[in-house]
Number of protein chains: 2
Amino acid sequence: MNHSGDIVKKLTERGYRLTPQRLMTIAAIEHSDGHISAEEIYAQVVSKYPHVNISTVYRTLELLKQLGLVTDTDFGEGRVRYHPVGKGHHHHLVCQECGATVDLDETALTPLKDVLLREYGFSADLRHLAIFGRCGKCGS
Amino acid sequence: MNHSGDIVKKLTERGYRLTPQRLMTIAAIEHSDGHISAEEIYAQVVSKYPHVNISTVYRTLELLKQLGLVTDTDFGEGRVRYHPVGKGHHHHLVCQECGATVDLDETALTPLKDVLLREYGFSADLRHLAIFGRCGKCGS
DNA sequence: TTTGTAATTGCAAAACCTTGCAATAAGCCG
DNA sequence: CGGCTTATTGCAAGGTTTTGCAATTACAAA
């Protein structure tokens, strides 16, 4: 498991510049509970660096996503939430009826990943998914 | 397998009103190749009924989605594409490197669906998914 | 430490989708 | 057919995210 600072290290390794905007965006993600929205990140960044633009936050998030350092997940809230890959791998079951969410271990998706690789030669990026449906309490 | 007209039938059965806006939106979906965007639907509707508003198209799509008559799938294009459920069930593997997409049979997701139901009592709505990753040609 | 260069940012605008509200019209009933 | 009720629509505004472009700045190299 990675720890705080890993994202910064990987950015420098790959030759990306360490701007204050990027550092603060990364800090917000790493210090979050692991499911933070762009707006929430932006609020934290602005509180210490008022003239930062939210589009810079979005561009940093896009970069981190491309580099495989964060995942973005749509929980059906009308906005996406970000998760540092280093903070552990899991998925979510989201009930569309009552809104309840249950964590799902990474291994639940492993068989599917293996089948896609074996039968289609396709390396699926199945990280931090939100799977929608109906939970037991809400019936079939 | 359903055929054209099924969506309209189900709407009336459930007591929804058959407005011209809805009928034209439904026709556009049913006559499409099965992966049509809201903007494309809207263009078709407007060509015959110029004063229709795109928010009405979106509301109809949301309704059809709730009723399980269409699926909406994000292929990573910045907009969602709609598919009439009656036109057959399948998924897509989308290569994030070269953009190639491969169809995947519905059955590939059945084991996962079964596990979620058995072990979590969760009835997952795994219809017409886009699974992102890297295809064989683009390497692991 | 200064300079040069190209990556990065801020800003403004736009794309996609949703929502509140008053006006409209579908379908029921007489 | 005509009126009634309430679902549905159009409009305008707003939320989330992306993008083009000129200005800025991180970092490498002198």
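We use all heavy atoms of the structure for the numbers below, so side chains are in, but hydrogens, waters and symmetry mates are not. Computed from a predicted model, the values in this text were never measured in an experiment. Throughout, a chain's letter reflects where its sequence line sits, starting with A, and its residues are numbered from 1.
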Roughly, in whole Å, what's the span from [atom1] in [X] to [atom2] in [N]?
X      : N       : atom1 : atom2 : answer
I41(B) : dC17(C) : CD1   : C1'   : 13 Å
L63(B) : dT19(C) : CG    : C1'   : 16 Å
R14(B) : dG27(C) : CZ    : P     : 17 Å
Y58(A) : dT8(C)  : OH    : C1'   : 19 Å
F75(B) : dC16(C) : CZ    : C1'   : 17 Å
E62(B) : dC16(C) : CD    : P     : 18 Å
E13(B) : dG27(C) : CD    : P     : 15 Å
Y16(B) : dG27(C) : OH    : C1'   : 16 Å

Margin query: Please classify the nucleic acid contact of R59(B) as base, sugar-phosphate, or nothing, using heavy-atom distances under 4.0 Å.
Written below: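 If one applies the 4.0 Å heavy-atom cut-off, R59(B) turns out to touch a base.
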Next item on the list: Quick one: label L18(B) by what it contacts on the DNA or RNA (base, sugar-phosphate, nothing), any heavy atom closer than 4.0 Å.
Entry: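 Answer is sugar-phosphate: L18(B) comes under 4.0 Å of backbone atoms only.
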Checklist line | 5′-ward residue of the pair P20(A)/S55(B) relative to DNA chain D | finding: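 In this pair, the answer is S55(B).
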Note to self: Judged by each residue's nearest nucleotide on DNA chain D, which is more toward the 5′ side, E39(A) or H51(A)?
What the structure shows: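 The 5'-side residue here is E39(A).
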Answer yes if the side chains of [X] and [Y] hold a donor-acceptor pair under 3.5 Å, and no otherwise.
X       : Y      : result
D103(A) : H92(A) : yes
H128(B) : H35(B) : yes
E62(B)  : Q66(B) : yes

Check: Are any non-hydrogen side-chain atoms of Y16(B) and R22(B) less than 4.5 angstrom apart?
Finding: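 Yes. Closest side-chain heavy atoms under 4.5 Å.
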Check: Quick one: does L69(A)'s side chain get under 4.5 Å of V85(A)'s, heavy atoms only?
Finding: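 Sidechains of V85(A) and L69(A): no contact.
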Margin query: Whether R17(A) contacts dA7(C) is assessed here as follows: a side-chain N or O lying under 4.0 Å from the phosphate OP1 or OP2. Is that the case?
Written below: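 No, outside the criterion.
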Item checked: Distance-minimising heavy-atom pair for D72(B) and Y82(B) ->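 Closest approach of D72(B) to Y82(B): CB-CE2, 3.5 Å.
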Next item on the list: Determine, using ring centers only, whether H90(A) and H83(A) are less than 6.0 Å apart.
Entry: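 Here the rings of H90(A) and H83(A) have centres that are less than 6.0 Å from each other.
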Note to self: Below 4.0 Å from chain B heavy atoms, what is the first contacting nucleotide of DNA chain D and what is the last?
What the structure shows: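 Terminal contacting nucleotides, 5' to 3': dT6(D) to dC11(D).
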Margin query: Judged by each residue's nearest nucleotide on DNA chain C, which is more toward the 5′ side, N53(B) or V52(A)?
Written below: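 With V52(A) and N53(B) compared, the 5'-side residue is V52(A).
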Item checked: Nearest-nucleotide comparison on DNA chain C, the residue closer to the 5′ end among R79(B) and R22(A) ->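 Its nearest nucleotide being more 5', the pick is R22(A).
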